[in-house]
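Accompanying notes for the structure given below.
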Protein chains: 2
Amino acid sequence: MPDNGRITIRDVAAATGHAVSTVSNALAGKRHVNEETRRQVKEAAERLGYRPSAVARSLRMKLSSTIGVLVPDVSNPAIPEFIRGIDDIAVREGCTILLCNTDELVERQVSQMQTLLDRQVDGMILISQHCDTPEVRKLLDGKTPFVLIQRRSSRFRDDYVGSDNLQGMRDSVTYLHGLGHRRIGLVTGPGTSSTAQERFEAFEATIADLGCDEDPDLIYRGDYTVEAGYDAMHYFATLSKRPTAVIASNDVCALGVQDAASELGLSIPQDLSLLGCDDIDLARLRRINLSTLHLPKREMGAAAAELLMRRIHSKRPPTPREIIIPTELVLRESCAAPADGGNAKRPAERRPLVSPG
Amino acid sequence: MPDNGRITIRDVAAATGHAVSTVSNALAGKRHVNEETRRQVKEAAERLGYRPSAVARSLRMKLSSTIGVLVPDVSNPAIPEFIRGIDDIAVREGCTILLCNTDELVERQVSQMQTLLDRQVDGMILISQHCDTPEVRKLLDGKTPFVLIQRRSSRFRDDYVGSDNLQGMRDSVTYLHGLGHRRIGLVTGPGTSSTAQERFEAFEATIADLGCDEDPDLIYRGDYTVEAGYDAMHYFATLSKRPTAVIASNDVCALGVQDAASELGLSIPQDLSLLGCDDIDLARLRRINLSTLHLPKREMGAAAAELLMRRIHSKRPPTPREIIIPTELVLRESCAAPADGGNAKRPAERRPLVSPG
DNA sequence: CGTTTCTCGAAAAACGTTTTCTGAGGCGTG
DNA sequence: CACGCCTCAGAAAACGTTTTTCGAGAAACG
């Protein structure tokens, strides 16, 4: 009888004439219970529509079957794909995702993490630049498992899933170099992002290796947004010696570059080669057609979740594992040999094809 | 003293020499408690780093400060913007979002909803086509508040936030008609989506009103994906009397149309006008440049969350409210007058401008 | 001065589970 | 036949809160 509204375990206990502990055991199947009794209990539970309260269970077992996911902003196209991968594993494991947007603000992140901890999440997955911030670390060194995606700590060794940024960037630069480019611009991400940093370093190293122009003017520090890419391109356009190719450390950033290029009347790839990174879903559209470094984001999310599950389920904390995912250059139509054989000076003198004059 | 690991309310009770109830009251500030005592308690709580267990609180109070959000798939570009809007309100209210992907599968949705209910979410926000399915309704008629976004029930009156599809579609068709189009194709969404259905009906009505071609061949039923748009366009291309304009009931769908058009050598808007719906963030890129019906998705998500909060906080269930958001046609470069004044027969004969030949 | 009212805190009862502790009966074994 | 060891299931103790109940002392009031 649902006196209050919710049917509890004692309702089914009463209905069967058994004790609550027996019901619990019968349903959970942990302890041995007589087959006939179990049948009765299951029948009654079914009939009454009994559903165990997850929160009562959480309180008792100190396990919530819940994982926290912290991301900068769901609206950023690359993010949902990671989340989707995490979710794939989560549902398999009977877990539900608690989603938080940090907007890359430390104080927000701290408070969100606090909340997640208060809610006894079994673990957390973080896509965040602030993993080395003391306040964040203080919350992390507790016993709640966590794994980092795409931004790792320089000082700590954690479970981590990220792309092979060295190889990726090397491939990118080498590819452009092979096409004949010698002046390559880079729109990098914020310095606090390990991935941005790694890509930046790989860029510099490869540029040096291959004998391309090592010009600090060719580095533009952005923040992974469309606007950053847009501003970057406008900045590059002001240079007396402009880049003939641009690498954006991010597809959405590349879209911004692309957009600014359109605005400036620069055709891609005729006037400017552009290489992105991430391979967001829309990059493949013919209208976008962005050559980019493919990252299996959904798989990476899944890998992170697997790592988290491993840590959640293991008695003794396993030694941290870093999973570095190789990236693959997917070539579409945004790159070509430089118009003047790599000695570009005057992309601005070229008129866009759409107005033949 | 954290004997176990977690600092509980009795730890701070012990530390101050007060009773747990006193500590609870002092911290919550519900009942009057002596100022000095409160100070002591707060100090001790602060010093010990006490954080109340949200799950214990949930169990006791039957309120979890948690809301469930069911979406078809986070990876679908329009979805995250809704979520972001929901999250804006959620953090303001101290709530956290439990995110579920249903993939539009009823059984998944049912099981996800079950889980959410088990977790005692304070309410749910649903973006789902299956709100009229009996199994779903069975879960909904309980006392957990919920609000629907963009897909409403035909049989029940619920809290709902959706776009003004009649006005939106009427504006769209009228606009194209004004440009001179008389054969307008429609890529619609699944019939189980109320929004798709409403748009479809508005389309037919307006087409009739304005005296455009009423040809069932011009209706393609898709499922809101890029692929659907792509297939639709290829289908339209096979018609002997092709549409001179296409309305996609969805931006991502429009991207598919656009993509197929590129592939078919049809220039937009010269050979084909294209109108989307949603105004996803990327529609504004010059490369995409999609004229579309703007939907304030973040605001809609926020409105839905507000509605939910209202229902959660009110003693007596308020009468259901439907919020219909007006849409605004944002004109970019994907529409133009038909090449032959509305009597198009041969868009395929026009070559794209990029190869002037 | 006795009675009521108020203020403050402590004690205890929930909330709905799981798990530990007991205990009763049956059965094999020395 | 006594002993121990199973199998089964009930009672009770957690888990960490909030809320209700209760009680003691002080203040107000006749």
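In what follows, chains carry the letters A, B, and so on, assigned in the order in which the sequence lines appear, proteins first and then strands, with residues in each chain numbered from 1.
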Nearest to the side chain of [X] - [options]?
X: B:K30; options: D:dT19, D:dG16, C:dT20; value: D:dT19
X: B:R10; options: D:dT17, C:dT18, D:dT18; value: D:dT17
X: A:A56; options: D:dT17, C:dG16, D:dA12; value: C:dG16
X: B:R60; options: C:dT18, C:dA13, C:dA10; value: C:dA13
X: A:T22; options: D:dT17, C:dG9, D:dG10; value: D:dG10

For a quick check of understanding: with a heavy-atom distance under 4.0 Å over all strands, which category does [X] fall into, base, sugar-phosphate or nothing?
X: B:S53; result: sugar-phosphate
X: A:R38; result: nothing
X: B:T8; result: sugar-phosphate
X: B:S58; result: nothing

- Task: Answer whether the closest heavy-atom distance between the side chains of B:I83 and B:I79 falls below 4.5 Å.
- Result: yes
[X] side chain N/O closer than 4.0 Å to the phosphate oxygens (OP1, OP2) of [N]?
X: A:S21; N: D:dA9; answer: no
X: A:K62; N: D:dA14; answer: no
X: A:S24; N: C:dT17; answer: no

Which whole-number value in Å describes the distance from [X] [atom1] to [N] [atom2]?
X: A:L27; N: C:dT18; atom1: CG; atom2: P; result: 8 Å
X: A:D118; N: D:dG16; atom1: CG; atom2: C1'; result: 12 Å
X: A:L63; N: C:dT17; atom1: CG; atom2: P; result: 17 Å
X: A:R31; N: D:dC6; atom1: CZ; atom2: C1'; result: 13 Å
X: B:L59; N: D:dC15; atom1: CG; atom2: P; result: 14 Å
X: B:M61; N: C:dG16; atom1: CE; atom2: C1'; result: 16 Å
X: B:R57; N: C:dT17; atom1: CZ; atom2: C1'; result: 20 Å
X: A:D11; N: C:dG16; atom1: CG; atom2: P; result: 9 Å

- Task: Give me the one residue out of B:R321, B:R311, B:R152, B:R137 that meets salt bridge (charged side-chain N to carboxylate O under 4.0 Å, His left out) with B:D158.
- Result: B:R137
May I ask you to check whether [X] and [Y] show a side-chain donor-acceptor distance below 3.5 Å?
X: B:Q109; Y: B:T102; value: no
X: A:S193; Y: A:Y224; value: yes
X: A:R151; Y: A:S128; value: no

